[in-house]
Every structure is written in structure tokens, then in C-alpha cells.
Peer 1: 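Dumping the structure here so I can ask a few things about it.
Computed from heavy atoms alone, side chains included, the values below leave out hydrogens, waters and symmetry copies.
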Amino acid sequence: MSTNNRYLAEEYLGRINRVMDHIERNMDRAFTLEQLAEIANFSKFHFSRIFWAMTGETPFEFLMRIRMEKAASLLIMNPKESISEIAYICGYSSLPVFSRNFKACFNITASEWRQKYLDNPAGLSAFHRNNGQSNRNYNQIHRNSGQAESLTMGYFSQQYEPLKWRTNMEINKGVEIKEFPKTTIAYVRHTGPYKGDEKLFERLYGELFAWAGPRNLTNQPDLKTFNVYHDDPGVTEEKKLRLSVGLSVPPDTKVDGQIGKMDLDGGRYAVARFELGSMDYEKAWGWLFGEWLPKSGYQPADGPCFEMCGDKVDDDLHIVDICVPVKPL
């Protein structure tokens with residue numbers, strides 16, 4: 001691919017990523033194609049076709065998919081919240097509409113989904129992979145959906161004394177509850193499998209730092225790097241998983257092409273520090289969600305989880321902070 005053609009392809013990708021970011025942050029809202037086309041700076045007559053060609057789904061299929069996948073995750077992570085509350089959080093003002101759409105999406109009711117996980121967490125994941133993915137029709141779900149009511153989803157911001165935990169898990173070095181400030185990051189995004197793929201992460205960070213270096217963004221005294229996971233790998237098809245690798249930048253930083261920019265919301269996070277080898281990440285995430293969270297008095301709050309990457313311990317181990325937005329149980 002010529003340099004000019006690559007630039008054009010990256011520009012298209014960056015515009016589509018902006019639309020996906022906007023939809024994800026406002027999934028409780030209803031959108032028009034004109035509004036989304038304006039965000040992408042594409043003609044409204046061609047925007048939907050471009051989006052479909054680059055992602056394999058229409059903008060509204062994407063919206064319906066992430067609403068359903070968010071609901072599936074929340075049903076598991078927040079067992080004390082009612083199904084109607086979760087439906088509302090995900091943009092549904094009508095519980096019957098949500099219930100029909102959930103069953104159409106996963107071939108199982110929302111209450112059955114939650115109960116299967118409570119009975120057998122590993123079994124639900126296998127059920128979903130074998131049965132839930134093959135019969136989805138987000139376009140039909142969209143046509144059946146009502147309009148979403150407005151919803152403000154925030155974080156708890158009251159002051160408190162930080163709490164720390166110590167465990168005997170070898171790779172865990174402690175968990176702390178922290179208040180994070182709102183942080184702007186520049187990112188490069190990947191869609192598809194990423195588990196254990198060191199070469200993929202090296203390539204993404206190489207592209208990010210090749211862009212950031214000439215702009216003097218790599219010499220910031222408080223520079224932080226992030227791996228942001230937009231989807232739940234236990235719910236979303238592997239080929240549609242979205243990963244953004246990013247670095248902290250001033251809010252007024254200009255981006256273009258495949259380099260996107262987004263804000264990580266400030267608020268209360270559980271921050272678990274680990275020393276991880278390339279094959280330890282899944283174990284660390286599993287421990288945090290399966291062992292620590294159920295005993296902590298907290299539950300996940302709305303917002304993406306991410307890793308904040310630290311220094312190398314040696315050639316095989318890195319210090320990694322896994323950060324999960326939380327709220328009281």
C-alpha cells in the first residue's frame with residue numbers, strides 16, 4: 001500500500017473510531033444517521049455504507065450489540081440490581097422490549113442468563129460461545145426497539161480513606177481504592193483477538209510512539225500508558241473485541257488519521273497491582289473479578305476497565321495496574 005493510500009485508510013479508520021466512541025459513551029440515547037455522519041465528517045448519503053464496510057455492521061447494529069453485551073455483563077457483575085434497572089442503564093425504557101431483545105440476541109432470557117452464571121460461572125461462558133453467538137440479529141432488534149430515555153451515569157465522588165488489601169496470591173501486590181482524575185489519552189485501536197499476542201501490542205505501541213515522539217509527547221514527566229478494553233471477552237465475539245493502547249496527553253492535543261483521542265472518566269477505581277508475564281494477564285483479571293471483588297463490598301461501576309502499564313521487573317515480568325471503576329455493593 002502506498003504512503004498516500006495508507007494515510008487515507010487510517011483517516012477513514014479514525015473517523016469511524018470517533019463514531020464508535022461517541023455511541024459507546026451515549027448508548028442510552030437515540031441517534032440519527034445525520035448526527036453520526038456529522039461526527040465522522042462523512043456525507044450522510046454514504047456514511048452508513050462506509051461504517052458497514054469497515055466494521056461489518058451498521059451503526060445501529062453496533063449500538064444494539066453493545067447495549068445487549070453491556071446488559072449481559074451487568075447482569076453478572078451486579079447481581080443485586082434488578083433486570084429492569086439494568087435495562088434502563090443500557091438504554092431501554094421498556095422492560096418487555098428489553099426482555100424480547102435479550103432473548104432474541106442470546107437465545108436465553110435475562111433471568112436465565114444470570115442464574116446460569118450464579119450456578120456455574122464457567123458453564124455460562126461455554127454456553128455463550130457455543131450457542132449465543134450464532135443466532136444474533138441486531139438489525140431486527142433495532143427495528144423492534146423503542147426510543148431510549150435520557151440517563152446520567154456518574155461515579156461516586158465523596159471523600160474517603162483509601163482502603164488496601166494484601167493477599168497471598170503470588171502475582172498480586174495489593175489492591176487499593178483510588179480516586180482517578182479525568183485523563184485524556186491518544187490511542188491506536190485494534191479490533192479482533194488480542195489474548196497473549198505480544199507482537200500485536202508491540203506493533204500498536206510502536207505506531208503510537210512513532211506518532212507521539214515527534215510531537216514531544218513521550219517526554220512528559222507524568223507520562224502514563226494504558227490498555228483500554230471496551231468489551232467483555234466473556235460476552236463479545238472475539239473478532240469484535242476492541243482494544244485501545246494509549247498514552248496520556250494534554251486535553252488540547254490534536255490527533256488525526258488512525259490516532260484517536262478519548263477521555264477516561266475520573267472517579268473511584270479499584271487498582272490492583274500485579275507483576276505479570278505475558279501468560280498471566282487472564283489469571284490476574286480472573287482473580288480480581290472472581291476472588292477480590294465479591295469479598296470487597298464493591299461492584300463494577302459503568303465505564304471501561306483498563307491496564308496502566310509500569311516498569312519492567314525483568315525481561316519476562318512487567319508491573320501492571322488493573323483498574324476497574326467501582327461503586328458500593
Peer 1: Please report the C-alpha distance between Glu307 and Trp285 in whole Å, then the side-chain angles of each, then the deciding distance to 0.1 Å, and finally whether the side chain to side chain donor-acceptor pair (under 3.5 Å) criterion is met.
Peer 2: CA-CA 10 Å; Glu307 295 163 352; Trp285 281 91; 2.8 Å; yes

Peer 1: Considering all heavy atoms of both residues, which atom of Gly266 and which atom of Tyr269 are nearest to each other, and what is their separation?
Peer 2: C-CE1, 4.4 Å

Peer 1: For the pair Asn78 (side chain) and Leu75 (backbone), establish whether a donor and an acceptor sit closer than 3.5 Å, ignoring hydrogens and angles.
Peer 2: no

Peer 1: Taking the side chain as every heavy atom from C-beta outward, state whether Ile23 and Leu36 have any pair of such atoms under 4.5 Å apart.
Peer 2: yes

Peer 1: For the residue pair Ala212 and Leu247, what are the closest heavy atoms and their distance?
Peer 2: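 Ala212 and Leu247 have their closest heavy atoms at CB-CD2, 3.8 Å.
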
Peer 1: If you count every heavy atom of other residues, nucleotides or ligands that lies below 6.0 Å from Arg273 atom CZ, does the total exceed 12?
Peer 2: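 Incorrect, the count does not exceed 12.
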
Peer 1: Measure across Thr236 and Leu241 and return the closest heavy-atom pair with its distance rounded to 0.1 Å.
Peer 2: CB-CD2, 3.7 Å

Peer 1: I'd like to check the ring-ring contact (aromatic ring centres under 6.0 Å, His included) partners of Tyr281; sequence neighbours left out, ordered by chain and number.
Peer 2: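 For Tyr281, no residue satisfies ring-ring contact (aromatic ring centres under 6.0 Å, His included) once neighbours in sequence are set aside.
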
Peer 1: Hey, what do you get for CG (Leu243) to CZ (Phe306), rounding to the nearest 0.5 Å?
Peer 2: 14.0 Å

Peer 1: Is there side-chain contact between Pro325 and Asp265, with at least one heavy-atom pair below 4.5 Å?
Peer 2: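 With C-beta onward as the side chain, the pair stays apart.
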
Peer 1: Hey, what do you get for NZ (Lys283) to CZ (Phe274), rounding to the nearest 0.5 Å?
Peer 2: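 Interatomic distance, Lys283 NZ to Phe274 CZ, rounded to 0.5 Å: 10.0 Å.
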
Peer 1: When you measure from the side chain of Thr55 to the backbone N and O of Phe51, does any donor-acceptor pair fall under 3.5 Å?
Peer 2: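 Checked: pair present.
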
Peer 1: Using the ring-ring contact (aromatic ring centres under 6.0 Å, His included) criterion, which residues pair with Tyr194? Sequence neighbours excluded.
Peer 2: Tyr229

Peer 1: Got His190 and Leu200 here, is their nearest side-chain heavy-atom distance under 4.5 Å?
Peer 2: yes

Peer 1: Between Glu112 and Thr109, is there a donor-acceptor pair closer than 3.5 Å when you use the side chain of the first and the backbone of the second?
Peer 2: yes

Peer 1: Could you tell me whether a side-chain N or O of Glu11 sits under 3.5 Å from a main-chain N or O of Asp256, the two making a donor and an acceptor?
Peer 2: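 Here the side-chain-to-backbone pair does not exist.
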
Peer 1: If you apply the rule side chain to side chain donor-acceptor pair (under 3.5 Å), what do you find for Arg242 with Thr191, and how did you get there?
Peer 2: CA-CA 5 Å; Arg242 291 168 296 147; Thr191 301; over 6 Å; no

Peer 1: Apply side chain to side chain contact (heavy atoms under 4.5 Å, CB included) to Glu85 and list each qualifying residue two or more places apart in sequence or on a separate chain.
Peer 2: Glu81, Ser82

Peer 1: Hey, are the side chains of Asn41 and Glu38 touching, using non-hydrogen atoms and a 4.5 Å cut-off?
Peer 2: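 Not touching, per the 4.5 Å side-chain cut-off.
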
Peer 1: Flag this pair as yes if the NZ/CZ of Arg268 is under 6.0 angstrom from the six-membered ring centre of Phe180 and inside a 45 degree cone about the axis; otherwise no.
Peer 2: no

Peer 1: Can you measure from NZ (Lys195) to CD (Glu238) and round to the nearest 0.5 angstrom?
Peer 2: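 That separation rounds to 8.5 Å.
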
Peer 1: Treating Gln35 as the side-chain partner and Thr32 as the backbone partner, does any N or O pair qualify as donor plus acceptor under 3.5 Å?
Peer 2: yes

Peer 1: Check for a donor-acceptor pair, side chain of Arg114 on one end and backbone N or O of Ala110 on the other, with a separation under 3.5 Å.
Peer 2: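 Checking the backbone N and O of Ala110 against the side chain of Arg114, no donor-acceptor pair under 3.5 Å is found.
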
Peer 1: Kindly determine whether Phe98 and Ser84 satisfy side chain to side chain contact (heavy atoms under 4.5 Å, CB included), including the steps that lead there.
Peer 2: CA-CA 9 Å; Phe98 169 78; Ser84 59; over 6 Å; no

Peer 1: May I have the step-by-step check of side chain to side chain contact (heavy atoms under 4.5 Å, CB included) for Leu317 and Leu276, ending in yes or no?
Peer 2: CA-CA 5 Å; Leu317 296 177; Leu276 300 179; 5.8 Å; no

Peer 1: Heavy atoms, side chains only, cut-off 4.5 Å: are Ile83 and Ser111 in contact?
Peer 2: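 In short, these two side chains touch, coming nearer than 4.5 Å.
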
Peer 1: Output the distance between atom CD1 (Ile66) and atom NZ (Lys240), rounded to the nearest 0.5 Å.
Peer 2: 12.0 Å

Peer 1: Please report the C-alpha distance between Tyr92 and Tyr88 in whole Å, then the side-chain angles of each, then the deciding distance to 0.1 Å, and finally whether the ring-ring contact (aromatic ring centres under 6.0 Å, His included) criterion is met.
Peer 2: CA-CA 5 Å; Tyr92 287 89; Tyr88 185 64; over 10 Å; no

Peer 1: Could you walk me through whether Phe31 and His22 satisfy the ring-ring contact (aromatic ring centres under 6.0 Å, His included) test, starting with their C-alpha distance in whole Å, then the side-chain angles of each, then the deciding distance to 0.1 Å, before giving a yes or no?
Peer 2: CA-CA 10 Å; Phe31 302 99; His22 182 77; 5.6 Å; yes

Peer 1: Let me see the working for Phe209 and Thr218 under side chain to side chain contact (heavy atoms under 4.5 Å, CB included), right down to the final yes or no.
Peer 2: CA-CA 7 Å; Phe209 277 83; Thr218 58; 3.3 Å; yes

Peer 1: With heavy-atom distances below 4.5 Å as the criterion, would you say the side chains of Phe226 and Ser248 are in contact?
Peer 2: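 Yes, side chains in contact.
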
Peer 1: Kindly compute the distance separating CG (Asn17) from NZ (Lys261), expressed to the nearest 0.5 Å.
Peer 2: 15.0 Å

Peer 1: Can you tell whether the side chains of Asp321 and Lys224 come within less than 4.0 Å, N to carboxylate O?
Peer 2: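 No.
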
Peer 1: Give the cluster check for Trp52 versus Ile39: same hydrophobic cluster or not, with ILVMFWY residues linked at side-chain heavy-atom distances below 4.5 Å.
Peer 2: no

Peer 1: Counting C-beta onward and ignoring hydrogens, is there a side-chain heavy-atom pair between Tyr298 and Lys327 closer than 4.5 Å?
Peer 2: no

Peer 1: I'd like to know whether Val228 forms a side chain to side chain contact (heavy atoms under 4.5 Å, CB included) with His230, so could you lay out the CA-CA distance, the side-chain angles of the two residues, the decisive distance to 0.1 Å, and finally the verdict.
Peer 2: CA-CA 6 Å; Val228 183; His230 300 270; 4.0 Å; yes

Peer 1: Can you name the closest pair of heavy atoms from Ile108 and Phe102 and give their distance?
Peer 2: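 Ile108 and Phe102 have their closest heavy atoms at O-CD2, 3.3 Å.
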
Peer 1: Measuring from Tyr187:OH to Leu264:CG, what's the distance to the nearest 0.5 Å?
Peer 2: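 The distance works out to 11.0 Å.
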
Peer 1: Got a salt bridge between Glu61 and Arg65, using NZ or NE/NH1/NH2 to carboxylate O under 4.0 Å?
Peer 2: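 A salt bridge is absent here (no side-chain N lies under 4.0 Å from a carboxylate O).
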
Peer 1: Using atom types as modelled and distance alone, determine if a side-chain donor or acceptor of Glu275 lies under 3.5 Å from a backbone N or O of Ile319.
Peer 2: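 Flag not set: sc Glu275 to bb Ile319 has no pair under 3.5 Å.
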
